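Written out below as structure tokens is the structure these notes cover.
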Amino acid sequence: LAGQMSGVLDWRRDGEQLRVRSGRLRVVNPDAHGEAMMQLSLQPEQIPELRLAAEIYEGNGARASHYMPLKRLPEGLAGWLGQAIQDGSLQRGQILYQGPVKIDKSRQQDRTLQMRYQGRDVRLSFLPDWPVASEVSADVLINGRQVRGLARSATLLGSKVEDVHVDVAAFETGETPRLVISGQVDGPVKDLDTLFQDTPLRKQLPDELLDWRFRDGRMAGYLLLDIPLQKDSGTPMVIVDAKVNNASIHNTPRNLQLSEATAPVYFHLRDGIQIDQLQARALGGRFNGQWLTRDGRSRLQLDGSLPMKQAANWLGFSWLAPLSGELPLGLTVQVPWQGTPFSLRAVSSMKGITVDAPAPLGKAAQETRPLDIRLSNPGGRLALEMAYGSLLRGAFRVDGMLRGDLLFGNGPLQVPADGVQVRGRLAQASVEPWIDFIGNRLVPSLKTGSGSGAATADASLNKVNLPQKPASGGIPA
């Protein structure tokens with residue numbers, strides 16, 4: 001602490017040893033004022049020995065690094081402390097030093113260095129490229145390589161944080177010091193989005209998880225960050241254990257939005273997300289479910305119901321237009337995690353859904369008939385498989401154009417190289433309604449959005465019922 005100094009110094013020589021000693025020294029400069037007492041012992045061909053006790057009052061937080069003997073600390077720790085306190089009022093600082101004025105940095109045990117700083121309204125930078133905490137009321141103790149700090153209250157982004165512990169555990173020479181920050185957080189859910197999207201954590205998260213953006217809503221709970229203090233020298237760790245209320249979560253690539261989401265959320269950067277009970281609205285319906293990560297797989301499961309029109313619009317399949325009503329739905333999404341691929345499965349009993357199609361495909365709302373739809377994304381191309389009871393199955397691929405196969409009855413599915421085909425056999429059907437359904441309703445809807453592919457139909461019936469003139473055989477469409 002340089003500035004105007006007043007006090008008493010005396011020195012004494014004892015043989016070849018020179019000892020310089022002070023009484024209470026008072027130091028004043030534009031940034032702060034302080035007091036110190038010191039003793040310095042010098043002998044030929046030996047490193048001088050220093051004893052120093054100093055206190056600093058009413059300091060400028062923006063220049064706090066100037067009050068710290070950073071050159072006496074290991075490189076990673078010194079670099080962090082040098083940028084940590086950026087503004088505010090340093091109410092009190094204490095420094096105790098005893099030992100050689102110069103040491104081998106690998107032998108921190110050769111001297112005693114303790115510092116304590118107390119401040120208010122401090123701006124605290126945890127690390128470059130991370131959000132800066134403001135309005136911090138902090139008490140920090142530095143003991144050699146070890147740092148212990150307590151922020152009683154602070155503001156981080158839009159959240160209030162309390163009882164924040166900032167620790168750098170003791171470390172050996174050659175090891176990377178790690179900064180551990182933990183505390184209670186209460187604020188908007190979008191702060192969690194900022195943490196994942198706009199900090200170095202982004203590099204640690206899979207793209208599919210980053211596609212889920214946290215918007216409206218509140219969260220309250222516990223946050224822990226464990227970050228290496230030297231760049232590119234280790235993997236950060238994040239743990240979030242919070243209650244989320246009335247949140248909105250958007251996934252633009254999947255065209256999916258959850259709203260009014262309420263859930264206890266536990267997230268671990270290595271172990272994934274754990275939500276045991278989730279309530280939310282999606283696609284015009286209300287769902288209950290869970291999002292769990294087990295054995296390297298992260299699955300979002302939702303059960304509820306939604307309007308059939310909303311489901312058809314979300315899937316992008318206009319050929320589902322003959323279906324109407326309230327669709328009971330079980331949805332399972334495998335979110336990519338640690339190398340696992342994306343997949344989606346939607347199953348329904350179809351009870352409550354009217355299918356406006358010729359018999360035996362059509363059904364009344366009170367009837368039950370299972371529907372199973374599976375989506376995957378192999379090689380970045382959308383693949384869909386579906387089954388409607390034992391009557392109808394389909395397979396589709398989207399790779400610049402829509403290709404697909406709709407099969408009535410049994411047999412292997414064969415996705416064509418171009419366009420969409422409708423084929424198969426029905427045990428019994430009336431010809432005229434089926435000709436109208438396939439030619440005038442189903443095929444045009446399949447062709448919609450299929451790019452350059454042409455929709456074709458090739459169906460045969462092994463039994464035909466006509467109002468007046470019975471016939472049998474193949475029916476080209």
Side-chain angles (χ1 to χ4, degrees), residues 157-158 187-219 238 240 244-263 265 267 269 272-273 275 278-287 289-293 297-302 304 306-318 320 327 329 331-346 373-384 396-402 448-451:
L157 299 172
V189 168
K190 65 181 180 181
D191 283 358
L192 192 60
D193 187 81
T194 301
L195 184 66
F196 288 163
Q197 301 285 340
D198 300 333
T199 73
L201 281 181
R202 183 181 178 89
K203 297 179 182 179
Q204 309 296 324
L205 299 172
D207 290 341
E208 185 73 28
L209 187 59
L210 291 171
D211 287 340
W212 293 89
R213 304 300 302 269
F214 299 89
R215 299 302 189 200
D216 302 325
R218 303 284 301 180
M219 66 172 180
V238 177
V240 179
V244 172
N245 288 297
N246 202 30
S248 295
I249 308 171
H250 298 227
N251 189 325
T252 300
R254 301 297 175 198
N255 193 27
L256 186 61
Q257 175 179 335
L258 304 181
S259 62
E260 301 178 21
T262 299
V265 177
F267 175 79
L269 186 59
I273 195 166
I275 303 176
L278 170 64
Q279 298 178 349
R281 294 189 64 86
L283 302 172
R286 180 165 288 281
F287 291 85
Q290 54 185 200
W291 188 347
L292 301 176
T293 304
R297 295 180 180 273
S298 187
R299 289 190 177 95
L300 171 63
Q301 295 179 303
L302 297 173
L306 71 158
M308 185 64 226
K309 185 176 181 180
Q310 292 274 36
N313 291 340
W314 177 58
L315 291 170
F317 296 142
S318 55
L320 293 174
L327 177 69
L329 183 66
L331 192 66
T332 301
V333 182
Q334 179 170 282
V335 180
W337 181 258
Q338 298 179 351
T340 58
F342 164 82
S343 66
L344 179 148
R345 184 180 183 185
I373 297 177
R374 300 171 186 256
L375 283 170
S376 59
N377 201 26
R381 298 177 298 178
L382 181 66
L384 180 145
F396 298 87
R397 303 291 183 268
V398 180
D399 45 8
M401 58 177 289
L402 176 66
T448 301
S450 62

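In this text the structure is predicted, and so the values were computed from the model without any measurement. Just so it is clear, the values below take in all heavy atoms, side chains as well, and ignore hydrogens, waters and symmetry mates.
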Subject >> Gly158 backbone acceptor or donor facing Asp191 side chain under 3.5 Å >> reply: yes
Output all residues satisfying side chain to side chain donor-acceptor pair (under 3.5 Å) with [X], sequence neighbours left out; order by chain, then residue number.
| X | result |
| --- | --- |
| Gln197 | Arg202 |
| Asn251 | none |
| Trp291 | Ser298 |

Original post:
Which residues satisfy the side-chain contact (heavy atoms from CB on, under 4.5 Å) test with Pro341, sequence neighbours excluded?
Top reply: Gln334
Atom [atom1] of [X] and atom [atom2] of [Y]: how far apart are they, to the nearest 0.5 Å?
| X | Y | atom1 | atom2 | answer |
| --- | --- | --- | --- | --- |
| Thr252 | Gln257 | OG1 | CD | 9.0 Å |
| Phe342 | Asp211 | CZ | CG | 10.0 Å |
| Leu329 | Leu306 | CG | CG | 6.0 Å |

Nearest heavy-atom neighbours spanning [X] and [Y]:
| X | Y | answer |
| --- | --- | --- |
| Val189 | Met219 | CG2-N, 4.0 Å |
| Leu331 | Ala346 | CD1-CB, 3.9 Å |
| Glu260 | Asn246 | CA-OD1, 3.4 Å |
| Ala282 | Leu258 | CB-CD2, 3.6 Å |
| Gln310 | Gly284 | NE2-CA, 4.1 Å |

**OP:** In sequence, state the C-alpha distance, the side-chain angles, and the governing distance for Leu192 and Val240, and then conclude on side chain to side chain contact (heavy atoms under 4.5 Å, CB included).
**Re:** CA-CA 9 Å; Leu192 192 60; Val240 179; 3.9 Å; yes
Original post:
Under 6.0 Å from the CZ atom of Arg286, do we count more than 12 heavy atoms belonging to anything else shown?
Top reply: yes
Any side-chain heavy-atom pair of [X] and [Y] under 4.5 Å:
| X | Y | result |
| --- | --- | --- |
| Thr332 | Leu344 | no |
| Ser343 | Arg374 | no |
| Leu283 | Leu256 | yes |
| Arg299 | Val333 | no |
| Met308 | Leu327 | yes |
| Leu157 | Leu195 | no |
| Ile273 | Val335 | no |
| Leu269 | Leu201 | yes |

Original post:
Passes side chain to side chain contact (heavy atoms under 4.5 Å, CB included), Leu278 versus Gln290? Steps please.
Top reply: CA-CA 5 Å; Leu278 170 64; Gln290 54 185 200; 5.6 Å; no
**OP:** Can you sort out the partners of Arg345 under salt bridge (Lys or Arg N to Asp or Glu O under 4.0 Å), two or more places apart, ordered by chain and number?
**Re:** Asp372
**OP:** Applying side-chain contact (heavy atoms from CB on, under 4.5 Å) between Val398 and each of Asn377, Leu384, Leu382, report the one that passes.
**Re:** Leu382
Subject >> With sequence neighbours excluded, residues passing ring pair (Phe, Tyr, Trp, His ring centres under 6.0 Å) with Phe267 >> reply: Phe196
